[in-house]
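Read through the structure below, which is laid out as structure tokens, and then see the notes.
Each chain gets a letter, A, B and so on, in the order its sequence line appears, and its residues count up from 1. Bear in mind that the values here come from a model prediction, so they are computed numbers and not experimental data.
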Number of protein chains: 2
Amino acid sequence: MNDQSRPKRNRPPSMYDVARLAGVSQTTVSFVVNNVTSAAISQETRDRVWAAIHALGWRPNAVARSLRTRHSQTLGLISDEVVTSPYAVRMILGAQEAAWNNRQMLLVVNTSGQQDIEQTALQFMLERQVEGLIYATMYHHEVTPPTGITTVPTILVNCFVADRSLPAIIPDEVQGGYTATETLILRGHRRIAFINEIIPMPALFGRLEGYRRALTDYGLPFDQSLVRSCHSNAQDAFSAARDLLERPDRPTAIFCFNDKMAMGVYDAIKRLGLRIPQDVAVIGFDNLELIAAQLYPPLTTIELPHYEMGKRAVELLQSLPAGESLPPTQHYIPCPLIERASV
Amino acid sequence: MNDQSRPKRNRPPSMYDVARLAGVSQTTVSFVVNNVTSAAISQETRDRVWAAIHALGWRPNAVARSLRTRHSQTLGLISDEVVTSPYAVRMILGAQEAAWNNRQMLLVVNTSGQQDIEQTALQFMLERQVEGLIYATMYHHEVTPPTGITTVPTILVNCFVADRSLPAIIPDEVQGGYTATETLILRGHRRIAFINEIIPMPALFGRLEGYRRALTDYGLPFDQSLVRSCHSNAQDAFSAARDLLERPDRPTAIFCFNDKMAMGVYDAIKRLGLRIPQDVAVIGFDNLELIAAQLYPPLTTIELPHYEMGKRAVELLQSLPAGESLPPTQHYIPCPLIERASV
DNA sequence: CTGAAAGCGCTAACAT
DNA sequence: ATGTTAGCGCTTTCAG
């Protein structure tokens with residue numbers, strides 16, 4: 001039971017233990033570990049220190065360092081349902097990878113949309129001294145974040161506040177709708193239907209706006225009867241598509257509000273014995289791999305740039321000089337076309 | 001420019017500032033904040049302290065507390081691709097909610113399967129004094145986690161080490177395969193096909209085993225020609241199903257290795273003018289909402305218990321007395337039947 | 001009922 | 001080229 005040269009108590013070795021073993025001061029250890037250039041430590045000393053570190057299996061204690069430096073190297077991510085939704089997990093990935101590149105880590109909490117959890121989560125994160133906060137939502141909509149969120153640099157992702165007083169990163173729905181429609185037009189389609197979402201939300205208005213603008217730009221008439229609204233699920237889209245396709249002057253292309261709807265549209269087209277894309281072309285929105293790549297033929301669609309949004313959010317936070325906060329810019333991220341085989 | 005009773009420097013107020021304002025010692029503030037029962041503080045003092053706290057807008061500094069108490073209240077989650085995959089995001093949710101219930105937070109990093117990132121991530125997490133570690137994978141398979149992972153209580157989720165020397169939480173594939181098959185049998189089916197995955201992995205063997213056991217238990221013969229293997233995508237499953245259904249003695253039910261494959265199987269059945277489930281019943285695996293609920297008719301399937309696995313992992317970690325580590329038990333989590341309309 | 005004092009493990013002036 | 005020293009903000013004996 002002798003404790004010869006063992007670290008004190010039962011704790012993991014501290015820098016002090018390393019210093020003792022190496023026969024130097026704790027300061028010196030800190031200098032060599034952190035490669036402090038202002039203090040030129042002799043190579044011989046460095047070697048002794050590293051040897052002691054390895055002998056002891058010492059590992060820096062980031063908590064102690066954070067306390068001292070007042071830098072937690074941590075970013076907080078509060079989301080409503082993002083984590084439960086395949087739509088947007090890539091947002092977390094983008095944020096996490098960007099954080100990683102800066103030696104930061106991500107503290108995540110999912111609030112399931114509950115206000116009280118949201119408020120508590122914010123408190124917990126602030127207590128943990130996060131250096132920046134991302135407030136993200138599953139689908140693009142207006143929000144009122146918990147009070148006190150601006151205590152630390154914050155950025156909204158996939159959402160915005162009514163008065164646009166907080167910086168936000170949101171998908172460019174208009175461009176997305178435009179690109180989808182334009183893609184169809186450039187393939188020669190003239191009668192392009194649009195099966196839109198029915199519940200009012202930015203995506204609905206933005207994509208419709210893009211659809212109209214593209215028609216206008218290419219000199220095509222806007223035909224109200226070609227635009228249908230329904231809930232964004234395969235079932236309802238199936239009915240909408242069937243109605244559209246049973247008309248004598250049926251559209252030759254259908255732009256779907258999202259990939260789930262495209263699934264129903266595929267069913268309707270096949271049921272009528274028509275072929276995709278020869279008889280009717282289909283373009284979706286979201287780029288849900290799971291659906292888009294599995295459908296036959298694989299679905300051409302517009303991607304919601306989740307990864308990019310997460311990445312940009314973190315990069316913006318990192319670009320900030322200490323103590324400042326981000327200007328309330330609304331960053332619109334383009335929604336790229338993902339070509340597969342349905343157009 | 002007078003600084004009367006303002007917190008020192010430019011920092012957020014500390015407990016010391018609160019104490020001064022309330023006219024008590026820092027100790028007293030700590031006692032009232034933490035509701036320390038061993039020290040009975042008078043109600044009047046408590047009120048003064050709380051008043052000061054609110055006046056100053058003081059918030060505890062969790063980093064300082066962690067340093068002092070040696071408890072970070074943090075769990076680490078290292079995953080390969082889990083975060084990118086809709087399959088398993090619910091695992092993170094389960095883990096996060098369980099952590100939350102214990103006032104812990106989750107530090108997550110996705111390694112994209114890269115060994116070096118994995119190793120670094122582990123180091124970072126240990127430096128941050130995580131009190132437990134979850135090592136999770138996207139799909140159920142064998143792994144060799146980074147060295148040093150057992151420095152802190154660790155549990156594997158959806159994976160295991162060859163010698164089973166680390167505790168693991170894994171889906172009960174055999175039971176899942178059994179349940180799927182039994183469900184079909186109980187609906188009166190006698191010729192049940194199984195379109196299995198072709199790449200060797202625990203899920204393939206487990207589900208097949210369950211399929212065979214169910215047949216045996218119900219006195220049905222195992223017919224090798226009814227079992228097909230292909231890559232788990234809709235396309236290949238489409239072909240496999242067509243082959244199966246074009247036989248004169250076609251099966252009346254098809255058990256699909258996963259929901260993606262079920263998508264292709266649906267297409268094949270419909271293409272042949274058959275109805276689901278009247279002419280042929282279909283059961284999937286995974287319970288990918290996105291597919292299962294959108295398919296027509298909605299797909300009956302077996303759920304991969306991701307949420308439950310994440311939750312259990314954290315709860316096991318939390319149940320651990322300080323300083324101990326989990327016994328290397330392999331916890332099999334049941335895969336429940338999710339009834340929709342395809343059987 | 002309350003306070004003094006000693007750290008937790010580390011960084012960073014400032015000395016030497 | 002390296003050591004002394006003073007904290008970072010908090011918890012927790014131990015005294016009174």
Glu308(A) (side chain) donor-acceptor with Ile333(A) (main chain) under 3.5 angstrom: no
Side-chain N,O (Ser42(B)) to OP1/OP2 (dT2(C)) below 4.0 Å: yes
Net bend of the helix from dC1(C)-dG16(D) to dT16(C)-dA1(D), end axes of five pairs each, nearest 10 degrees: 40°
Nucleotide dC10(C), atom C1' - distance to CZ of Arg128(B) in whole Å: 15 Å
Main-chain N/O of Val32(B) paired with Arg46(B) side-chain donor or acceptor, under 3.5 Å: no
Upstream residue (5' side of DNA chain C) when Thr45(B) and Asn34(A) are each assigned their closest nucleotide: Thr45(B)
Backbone N/O of Pro153(A) and side chain of Ser325(A): donor-acceptor pair under 3.5 Å: no
For atom OH of Tyr16(B) and atom P of dT11(D), their distance in whole Å: 17 Å
Thr111(B) side chain to Ile117(B) backbone, donor-acceptor under 3.5 Å: no
Residue whose closest nucleotide on DNA chain D lies nearer the 5' end, Val33(B) versus Glu44(A): Glu44(A)
Side-chain donor/acceptor of Thr27(A) to base of dA12(C), under 3.5 Å: yes
Sugar-phosphate, base or nothing in reach of Val24(A), heavy atoms under 4.0 Å: sugar-phosphate
Presence of Ser30(A) side-chain N/O under 4.0 Å of dT11(C) phosphate oxygens OP1/OP2: yes
Intermediate values then yes/no, side chain to side chain donor-acceptor pair (under 3.5 Å), Glu97(A) and Asn101(A): CA-CA 6 Å; Glu97(A) 292 191 353; Asn101(A) 291 339; over 6 Å; no
Distance, rounded to the nearest Å, where Asp47(A) contributes CG and dA1(D) contributes C1': 15 Å
Whole-Å gap separating C1' (dC10(D)) and CZ (Arg59(B)): 16 Å
Between side-chain atoms of residues 121-130 of chain B and protein atoms elsewhere (two or more places apart, or another chain), which donor-acceptor pairs fall under 3.5 Å?
{"from": "Gln123(B)", "atom 1": "OE1", "to": "Arg59(A)", "atom 2": "NH1", "distance (Å)": "3.0"}
{"from": "Arg128(B)", "atom 1": "NH1", "to": "Thr74(A)", "atom 2": "OG1", "distance (Å)": "2.9"}
{"from": "Arg128(B)", "atom 1": "NH2", "to": "Gln73(A)", "atom 2": "O", "distance (Å)": "2.9"}

d(CE, Met15(A); C1', dG7(C)) in whole Å: 18 Å
Under 3.5 Å: donor-acceptor pair, side chain of Asn158(B), backbone of Ala136(B): no
Atom pair distance, as rounded to whole Å: NE2 in His71(B) and P in dT12(D): 9 Å
Donor-acceptor under 3.5 Å (Ser14(B) side chain, Tyr16(B) main chain): yes
Contact list for DNA chain C against residues 61-70 of chain B - heavy-atom distance below 4.0 Å: Leu67(B), Arg68(B), Arg70(B)
Distance test, side-chain N/O of Ser25(B) to OP1/OP2 of dG3(C), below 4.0 Å: yes
Distance, rounded to the nearest Å, where Arg20(B) contributes CZ and dT2(C) contributes P: 20 Å
Donor-acceptor pair between Ser25(B) and Thr28(B) side chains, under 3.5 angstrom: yes
Rounded distance (Å) that lies between atom P of dC14(C) and atom CD of Gln26(A): 19 Å
Main-chain N/O of Tyr139(B) paired to Thr137(B) side chain as donor or acceptor, under 3.5 Å: yes
